[in-house]
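Heads up: the structure comes next, in structure tokens.
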Amino acid sequence: MNVRLALYELAAEHKLDARNMQRLEHLAGLQDPPDDLGVWLPLGVAVLAAVLGGLGLIFWIAANWETLGRVGQFALLQGFVLVMCVGALWRAGMRAPLGLLAVLAIGGLFAYFGQTYQTGADPWQLFALWAALALPLCLGVRSDVLWAPWALVAMSGVALWVHAHTGHQWRVQPEDLRVQLLGWTTAFVLVGALSTPLRRWSGAGVWALRTALTLAVIMITLTALGGLFHSPVALHYALGLAILAAGAGVLAQPRWFEVYGLSAVALGLNSLLVAGLARLLFDKHVSGDPIGQLLVLGLVAAGLLAASVALILRLSRSYGQQRERV
């Protein structure tokens, strides 16, 4: 229920003037700041400062590349990571932003190591090490401020691993199916690890789950689309459809339900279905009126979108009512 709209209806029903309307809004508390503003505003400012501080450190080192020398640069980065970890341990109120600074500095340290020594390691290995070293910090801080960027780092590592094992090309070929299935499986393991039922052990919040799930859906959808436009259609397309459909079924269950997550999976599933219909309609072996085919494609896309939105809203209301009864 929207309180503001309800007040406007009440004011219109009783024909209140501007002065009485302002008084009514004051009594309803519409002009008061949000109750949790005192909690989220300082945290948001601290997180923003941490992000800018971490990026500033990396840019400063890049600007003074020749001045500091190799030992000075390594000492600065390693010392910064150590100081931020000690600060996060010492100051509980600043644990999340200081932990975020440490995570960013770990990434900068590995980037500098790779640029300095040219070890020949694939980029996915650096991202994997970055995620592995930052994992204890995320488990200790137990905040989405760290888990959301960690999910981005880990999923980037998975995508780069797939890229490295498919000839260092963003391609979709039948012989690459095993590698891409392993990448999809790893992505969904990460999503499951950040999910709501495991939150009491991980401490990850909703934004970490949404980050990981969004990236997993993008990975699967793009790969399945590549399989669709392969000639002939590669198995990736059918498997992508099946995996997204199974994911939608899981997220529609009460224990796993999450509006954003189910919406993201539904969008990926709808995109694959509409793209499949487009290939079927505009295949060179199929004759027909292009205008009519476009009309059919648009109607099907609109129908799928409307059906998905209606189903998600119905599930949200139903589960919301069940929680209220409990």
Side-chain angles (χ1 to χ4, degrees), residues 54-55 58 62 103-135 138 146-194 204 207-247 261 264-265 267-269 271-272 275-276 279:
L55 293 176
I58 295 171
V103 170
L104 293 174
I106 291 171
L109 179 61
F110 274 113
Y112 177 66
F113 183 86
Q115 287 291 328
T116 302
Y117 291 105
Q118 298 294 324
T119 59
D122 282 320
W124 75 266
Q125 295 174 317
L126 297 178
F127 276 86
L129 285 173
W130 185 2
L133 286 178
L135 183 59
C138 295
L146 271 70
W147 277 118
W150 184 88
L152 178 61
V153 171
M155 294 297 290
S156 299
V158 173
L160 290 171
W161 179 85
V162 173
H163 177 262
H165 289 80
T166 53
H168 291 277
Q169 298 179 16
W170 297 110
R171 70 185 189 190
V172 178
Q173 297 292 337
E175 60 269 21
D176 298 328
L177 180 60
R178 178 176 172 272
V179 171
Q180 281 148 350
L181 280 177
L182 284 173
W184 292 359
T185 303
T186 306
F188 273 108
V189 168
L190 291 174
V191 172
L194 297 173
W207 288 108
L209 173 62
R210 290 174 177 178
T211 300
L213 186 58
T214 300
L215 294 174
V217 170
I218 291 173
M219 181 190 302
I220 293 172
T221 302
L222 292 179
T223 306
L225 285 174
L228 172 64
F229 293 105
H230 189 272
S231 184
V233 177
L235 186 58
H236 302 70
Y237 178 68
L239 289 175
L241 276 175
I243 290 173
L244 290 181
V265 173
L267 179 60
L269 190 58
S271 300
L272 291 182
R279 166 146 188 172

For a quick test of reading the model, state the closest non-hydrogen atom pair linking [X] to [Y] and the distance between them.
X: L194; Y: A212; answer: CD1-CB, 3.9 Å
X: G268; Y: T221; answer: CA-OG1, 3.7 Å
X: A216; Y: M155; answer: N-CE, 3.5 Å
X: P123; Y: L160; answer: CB-CD1, 4.0 Å

I want to check something: taking the side chain as every heavy atom from C-beta on, are [X] and [Y] in contact at a cut-off of under 4.5 Å?
X: L239; Y: L177; value: yes
X: L182; Y: H165; value: no
X: T223; Y: H236; value: yes
X: Q173; Y: H230; value: yes
X: R279; Y: V233; value: yes
X: T166; Y: W161; value: no
X: W147; Y: V103; value: no
X: D122; Y: H168; value: yes

Interatomic distance, [X] atom [atom1] to [Y] atom [atom2] [nearest 0.5 angstrom]:
X: D176; Y: L181; atom1: CG; atom2: CG; answer: 11.0 Å
X: I243; Y: W184; atom1: CD1; atom2: CH2; answer: 5.0 Å
X: L146; Y: L135; atom1: CG; atom2: CG; answer: 11.0 Å
X: I218; Y: S271; atom1: CD1; atom2: OG; answer: 10.5 Å

Taking L272 as the fixed residue, which of I220, L267, L228, L225 is the one that meets the side-chain contact (heavy atoms from CB on, under 4.5 Å) rule? L225
Go through the structure and list residues passing ring-ring contact (aromatic ring centres under 6.0 Å, His included) with W170, not counting sequence neighbours.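 Partners of W170 under the ring-ring contact (aromatic ring centres under 6.0 Å, His included) test: H163.
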Those residues that, when tested against Y237, pass ring-ring contact (aromatic ring centres under 6.0 Å, His included) (two or more places apart):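 None.
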Going by the salt bridge (charged side-chain N to carboxylate O under 4.0 Å, His left out) test, which pairs reach into residues 209-218, not counting sequence neighbours? R210-E258
Take the angle between the ring planes of W130 and F127 and call it parallel below 30°, perpendicular above 60°, tilted in between.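 Geometry flag for F127 against W130: tilted rings.
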Donor-acceptor check, side chain of W124 to backbone of V158, threshold 3.5 angstrom: yes or no?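 It does not hold such a pair.
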